[in-house]
Amino acid sequence: MTILSLAIRFLVFLFIISEVVAAPQGNTPSAGQFIPLTRRNQPLRNVSDWAVYAKNLRDATIAKYSSRHAQKRGTGENLMVNQGLDTSFYGSLAVGTPPYSFDVLLDTGSSDMWIASSTCQSMCAGTGNFDSTKSSTFKNLNKNFSVSYSKGYAAGTIGQDVVQMAGFTIPDQTFAVVTTTATNFLRNPVTGIFGLAWQSLAASGAMPFWQALARNGLWNEPLMAFQLTRFSNDSKAGELEPGGSFTMGYVNESLYTGTIDYQDLPNGQASYWLQQITSMTVQGKPIPLPSGSASYAAIDTGTTLVAGPAAGIAAIYAQIPGSQPGTGSWEGFYKYPCNTAVVVEISFGGPKWSVSPDDFVFSSTGPVSNECYGAFYTITTSGGTPSWIIGDTFLKNVYSVFRYNPPSVGFAALSEIALAMNGKAGGIPSATLGAISATSTLETSAAPTTRTSSAVAFVISAFFATLVSFIQG
């Protein structure tokens, strides 16, 4: 048998196989329909041409499908816990081999991940701390770590280990193992902080978990989103209540209504999740705001209230009859009559978003007093810290989205489903370990295309294996 005759027989065989494998299933044209077919002449190829053609087909198939498996993308959700009547919101993650779960504050206002060490002793007692000796994959990088926050500090050493959250895993995530903190910095059962701002803010210099996932295209969509619950106005609420939802790689459309209004980070500054406050009203009256960076605000899930410059905060309370600045431990705060329903509206260049009067109330001075302290207070910032810190007092009133690309923050109105979760007691979410409690969505291709391509590639490969064997024989 000659090579030419073998090639001719192969072409006939390939034509028959393609008719069988690629034959459409269903949707057969009905009588009277005409589908024109055009037969193309087969190109003239010698043995070398066929070999190159086959190799290209095989390489293209390998590249197409192996890259999809390596770059699989997905989504995940971490159900949160509302701690201390809206004081903080925490979620869970797992560290090490075998994995141990830890509760951590979810903080878009900082970028470091750290967990209290088992050697932290009295300052971190009772939080189920991390023992690096129990993880076979932990690496001590022998570098010191320290970070300061508005309410305290943490210090320790830097290491690497497997970290899992909401179904996503990073095998060598850099984080800090903290051996000392400010007094009462952690509140049982919280063990540490999970920073969700940008790498440029990280005291450790490490890329945050979320940013590594987004940068490597492991999310269906390059964003993460929060829905926070409210229990501060519920007299029957406990220390720990359901806290809402934190999603990575997608937005939960059942938790918001309308469209998400995205505003880019000013000048693309990827540090804090910055937004410029373009307008603010109190009881319907506008508050004067400076232009530019003087009105920048960090959107911060890790801050309980709303902080701002002295002039801006004073202007807010000037619109509330009977308000007065606090003294002593209440310095920087303002008190006002509790029977005044204060409505604040804030815009970041798009719609106006309202802060509920229930959220504007921070504390009353006593059970029979008519004096309440507001949730907006003064701070003095310096360096690269923005003038305003927009915390949970505001964020409980919106569905908030933090987008990697383009870098931006989005807000949407909460849905009835989300609003119904406020004050609704329920079980505390269990720890999220790996993919057990998460939803993962992978991109897939159409089955018929995959099947046909695979079959043809197989036939071609088989033919040339036979051909080479024939030539060598």
Side-chain angles (χ1 to χ4, degrees), residues 79-91 105-106 187 190 226-246 255-257 280-284 299-308 313 316-317 319-324 326 329-330 332-346 352-377 389-400 411-429:
L79 298 178
M80 296 182 294
V81 176
N82 183 323
Q83 183 180 37
L85 302 178
D86 308 353
T87 298
S88 59
F89 295 82
Y90 69 79
L105 297 179
L106 302 179
R187 190 172 178 175
V190 173
F226 285 86
Q227 168 254 330
L228 307 180
T229 59
R230 177 189 303 113
F231 281 87
S232 58
N233 60 345
D234 184 354
S235 61
K236 297 181 180 180
E239 169 68 12
L240 302 179
E241 296 286 358
S245 170
F246 167 54
L255 297 177
Y256 71 92
T257 184
M280 182 183 298
T281 63
V282 179
Q283 312 298 64
I299 311 302
D300 182 6
T301 59
T303 290
T304 305
L305 307 177
V306 173
I313 298 299
I316 290 174
Y317 288 97
Q319 303 300 328
I320 306 173
S323 64
Q324 298 178 19
S329 298
W330 288 101
F333 287 83
Y334 281 75
K335 57 185 178 181
Y336 67 98
C338 291
N339 57 8
T340 302
V342 180
V343 177
V344 177
E345 292 184 320
I346 303 175
K352 293 181 179 179
W353 305 104
S354 296
V355 175
S356 166
D358 288 332
D359 291 317
F360 189 85
V361 177
F362 172 50
S363 174
S364 59
T365 56
V368 296
S369 171
N370 190 39
E371 288 185 342
C372 286
Y373 281 93
F376 285 58
Y377 64 98
I389 312 296
I390 305 296
D392 302 332
T393 289
F394 171 81
L395 293 172
K396 286 180 287 182
N397 295 271
V398 293
Y399 187 78
S400 54
F411 297 119
L414 293 170
S415 68
E416 291 299 323
I417 293 176
L419 293 172
M421 298 181 189
N422 293 330
K424 185 177 181 179
I428 303 304

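Distance check: Ile299 CD1 to Leu395 CG gives 6.5 Å after rounding to the nearest 0.5 Å. Expressed to the nearest 0.5 Å, how far CZ of Phe376 lies from CG of Asp359 amounts to 9.5 Å. Atom CG of Asn422 sits about 6.5 Å away from atom OG1 of Thr229, to the nearest 0.5 Å. The structure places CG of Leu240 at 6.0 Å from CD of Gln83, a figure rounded to the nearest 0.5 Å. For the atom pair CE (Met80) and OH (Tyr90), the distance works out to 12.0 Å, reported to the nearest 0.5 Å. Atom OG in Ser235 sits 10.0 Å away from atom CG in Leu85 (nearest 0.5 Å).
Between Arg187 and Glu239 a salt bridge is recorded (basic side-chain N to carboxylate O distance below 4.0 Å).
Side chain of Ser323 to main chain of Ile320: a donor-acceptor pair is present (N/O by atom type, distance under 3.5 Å, no hydrogens or angles). Judged by distance alone, the side chain of Asn397 and the main-chain N or O of Ser356 form a donor-acceptor pair under 3.5 Å. A donor-acceptor pair is defined here as one N or O able to donate and one able to accept, closer than 3.5 Å; no such pair exists between the side chain of Ser415 and the backbone of Thr257. Judged purely by atom type and a 3.5 angstrom limit, Glu241 uses its side chain to pair as donor or acceptor with the backbone of Gly238. With hydrogens and angles disregarded, no donor-acceptor distance shorter than 3.5 Å links the side chain of Thr393 to the backbone of Ala375.
Listed by chain and residue number, Tyr399 satisfy the ring-ring contact (aromatic ring centres under 6.0 Å, His included) test with Tyr256 (two or more places apart in sequence, or in another chain). The ring-ring contact (aromatic ring centres under 6.0 Å, His included) check on Phe231 picks up nothing, with sequence neighbours excluded. Partners of Lys335 under the salt bridge (Lys or Arg N to Asp or Glu O under 4.0 Å) rule, at least two apart in sequence or in another chain, are Glu371. Shown here are the salt bridge (Lys or Arg N to Asp or Glu O under 4.0 Å) partners of Asp86, two or more places apart in sequence or in another chain: Lys396. Applying the ring-ring contact (aromatic ring centres under 6.0 Å, His included) criterion to Phe333, with sequence neighbours excluded, gives Trp330, Phe362, Tyr377.
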Discussion item. I'd like to know whether Cys372 forms a side chain to side chain contact (heavy atoms under 4.5 Å, CB included) with Ser364, so could you lay out the CA-CA distance, the side-chain angles of the two residues, the decisive distance to 0.1 Å, and finally the verdict.
Written reply: CA-CA 4 Å; Cys372 286; Ser364 59; 4.0 Å; yes
Worksheet item: Is there a side chain to side chain contact (heavy atoms under 4.5 Å, CB included) between Val398 and Phe226 once you walk through the steps?
Response: CA-CA 9 Å; Val398 293; Phe226 285 86; over 6 Å; no
Worksheet item: Could you walk me through whether Ile313 and Tyr334 pass the side chain to side chain contact (heavy atoms under 4.5 Å, CB included) check?
Response: CA-CA 9 Å; Ile313 298 299; Tyr334 281 75; 3.8 Å; yes
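Inter-residue side-chain proximity for Ile346 and Phe394 is flagged as met; some heavy-atom pair is nearer than 4.5 Å. Two residues are said to be in side-chain contact when any heavy atoms from C-beta on lie closer than 4.5 Å; Phe89 and Leu105 fail this criterion.
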Exercise answer: donor-acceptor pairs, residues 338-345 side-chain atoms, under 3.5 Å, sequence neighbours excluded:
| residue | atom | partner | partner atom | Å |
| --- | --- | --- | --- | --- |
| Glu345 | OE1 | Thr281 | OG1 | 3.4 |
| Glu345 | OE2 | Ser354 | OG | 3.3 |

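Taking both residues in full, the closest heavy atoms of Pro242 and Ile428 are given as N-CD1, 4.2 Å, listed atom of the first, atom of the second, then distance.
In this structure, Phe360 has its ring center no closer than 6.0 Å to that of Tyr373.
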